[in-house]
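What follows is a single structure, written as structure tokens, with notes after it.
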2 protein chains.
Amino acid sequence: MSTHPILASAAETDAFSADCPTREILDRLGSKWVSLIIVALADRPHYFGELLRRIEGVSKKMLVQSLRILESYGIIDREPKKVGAVVKVCYRLTEQGKSLVEPLFAVYAWAQQNTDTMLSSQEVYNRTVSRRATHP
Amino acid sequence: MSTHPILASAAETDAFSADCPTREILDRLGSKWVSLIIVALADRPHYFGELLRRIEGVSKKMLVQSLRILESYGIIDREPKKVGAVVKVCYRLTEQGKSLVEPLFAVYAWAQQNTDTMLSSQEVYNRTVSRRATHP
DNA sequence: CGGTATCCAATAAGATACTG
DNA sequence: CAGTATCTTATTGGATACCG
């Protein structure tokens with residue numbers, strides 16, 4: 001009855017276990033800035049400053065932190081380069097990082113396609129104060 | 001030079017914009033418990049108590065909160081059912097929710113396949129105290 | 001430019017107790 | 001069983017200032 005073989009693995013994943021290391025990885029990948037960085041670098045390599053400007057709302061602190069996580073996992077490479085007079089630091093996806101792009105983008109594409117539906121569903125839901133309706 | 005058409009969209013996504021609604025959706029989907037719930041429900045519908053026991057480490061509070069988010073988005077359905085003497089609440093994916101399973105699972109599969117590599121890469125990285133090495 | 005360091009506010013989340 | 005309510009702690013993250 002399962003429509004897709006991939007569903008079968010849901011029963012077998014060990015991600016439900018509290019000490020499953022994959023869980024921590026997923027947690028980090030799911031983090032706001034980390035995934036945006038990967039999407040940006042999927043486009044092309046970026047200098048630090050470029051990322052800072054391109055990813056609206058990210059602070060220097062969070063950008064550095066997220067980049068370090070990705071670097072430690074071997075998902076991105078960090079390369080300081082002389083550009084004119086100054087040294088800039090260029091970040092790019094490793095081969096491993098590139099292999100993450102397709103699955104990650106599938107989720108992005110889904111989210112973009114379903115955002116409108118979900119937001120209007122949410123509005124309806126919020127007006128339906130059936131449960132939990134005490135007073136403001 | 002782009003190896004895959006999907007990469008092209010990276011340049012065009014509006015997710016970099018701070019007020020992009022898709023960003024918030026992605027944020028929520030990326031959250032620890034939300035994604036684990038979807039994976040569990042991809043397997044089969046679950047009662048609340050089943051989810052609580054299956055997803056190790058989740059608290060009642062976080063489980064309820066995450067389920068409400070998914071329900072409000074129309075990703076899951078909530079159905080109270082008489083089971084013997086008591087009423088249990090059954091959660092299952094909606095059709096929309098089911099459409100999320102495949103992309104989400106692609107990321108899960110990637111993470112599971114790459115966990116070992118990433119963890120050992122991280123160990124090496126942590127021993128390399130080249131940058132930022134002040135004292136404990 | 002590409003970071004670090006520090007401080008502080010906001011938020012998330014665990015524990016616990018209670019309810020229909 | 002499936003929540004709600006409340007309190008408290010832990011973690012996150014933004015602002016700011018400074019450094020090589």
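Letters A, B, ... are given to chains in the order of the sequence lines, protein chains preceding strands, and every chain is numbered from 1.
- Considering every non-hydrogen atom in both A:Val58 and A:Leu63, the closest pair reads CG2-N, 3.9 Å.
- At whole-Å resolution of the value, CZ in B:Arg54 and C1' in D:dA2 are 20 Å apart.
- Separating the CZ atom of B:Arg78 from the P atom of D:dA2 is a distance of 10 Å, rounded to the nearest angstrom.
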What one-letter contact string describes nucleotides 10-20 of chain C from 5' to 3', where B marks a base within less than 4.0 Å of any protein heavy atom, S marks contact via sugar-phosphate atoms alone, and - marks no contact? ---BBB-----

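- The distance between atom CZ of B:Arg68 and atom C1' of D:dA2, rounded to the nearest whole Å, is 9 Å.
- Taking atom CG of residue B:Leu51 and atom P of nucleotide D:dA2, one finds them 9 Å apart after rounding to whole Å.
- The nearest whole Å value for the distance from the NZ atom in A:Lys82 to the P atom in C:dG2 is 13 Å.
- As a whole-Å value, the separation of A:Phe48 CZ from C:dG2 C1' is 6 Å.
- Distances shorter than 4.0 Å separate some side-chain N or O of B:Tyr91 from OP1 or OP2 on D:dG3.
- When side chains are defined from C-beta on, A:Leu29 counts as touching A:Leu100, because their heavy atoms get closer than 4.5 Å.
- Atom-to-atom, CD of A:Glu24 to C1' of D:dT11 comes out at 14 Å; the value is rounded to the nearest Å.
- We find that CG of A:Leu63 is positioned 10 Å from P of C:dG2, with the value rounded to whole Å.
- Of the candidates D:dG3, C:dG2, D:dC1, the closest approach to any side-chain atom of A:Lys88 belongs to C:dG2.
- Across all their heavy atoms, B:Tyr73 and A:Ser121 have their closest contact at C-OG, 3.4 Å.
- In this structure a side-chain-to-backbone donor-acceptor pair under 3.5 Å is present from A:Thr94 to A:Ile75.
- For the pair B:Arg53 and D:dA2, the criterion of a side-chain N or O lying under 4.0 Å from OP1 or OP2 is not met.
- We find the CD-CZ distance between B:Glu79 and B:Arg92 to be 5.5 Å, quoted to the nearest 0.5 Å.
- Applying the side chain to side chain donor-acceptor pair (under 3.5 Å) test to B:Gln122 and every residue at least two apart in sequence or in another chain returns nothing.
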Output side-chain donor-acceptor pairs under 3.5 Å for residues 15-24 of chain B, partner residues at least two apart or in another chain, one line each.
unit_1  : atom_1 : unit_2   : atom_2 : d
B:Ser17 : OG     : B:Asp19  : N      : 3.4
B:Ser17 : OG     : B:Asp19  : OD1    : 2.5
B:Thr22 : OG1    : A:Thr115 : OG1    : 2.9
B:Arg23 : NE     : B:Ala15  : O      : 2.9
B:Arg23 : NH1    : A:Glu56  : O      : 3.1
B:Arg23 : NH2    : A:Glu56  : O      : 2.8
B:Arg23 : NH2    : B:Phe16  : O      : 2.8
B:Glu24 : OE2    : B:Arg28  : NE     : 3.2
B:Glu24 : OE2    : B:Arg28  : NH2    : 3.2

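- Members clustered with B:Tyr47: B:Val83, by chain and number, using a 4.5 Å side-chain heavy-atom cutoff among hydrophobic residues.
- Taking the C1' atoms of five terminal pairs at each end of the helix from C:dC1-D:dG20 to C:dG20-D:dC1, the two resulting helix axes are inclined by 50°, rounded to 10°.
- Cluster note: B:Val87 groups with no other residue, as no ILVMFWY side-chain heavy atom lies under 4.5 Å from it.
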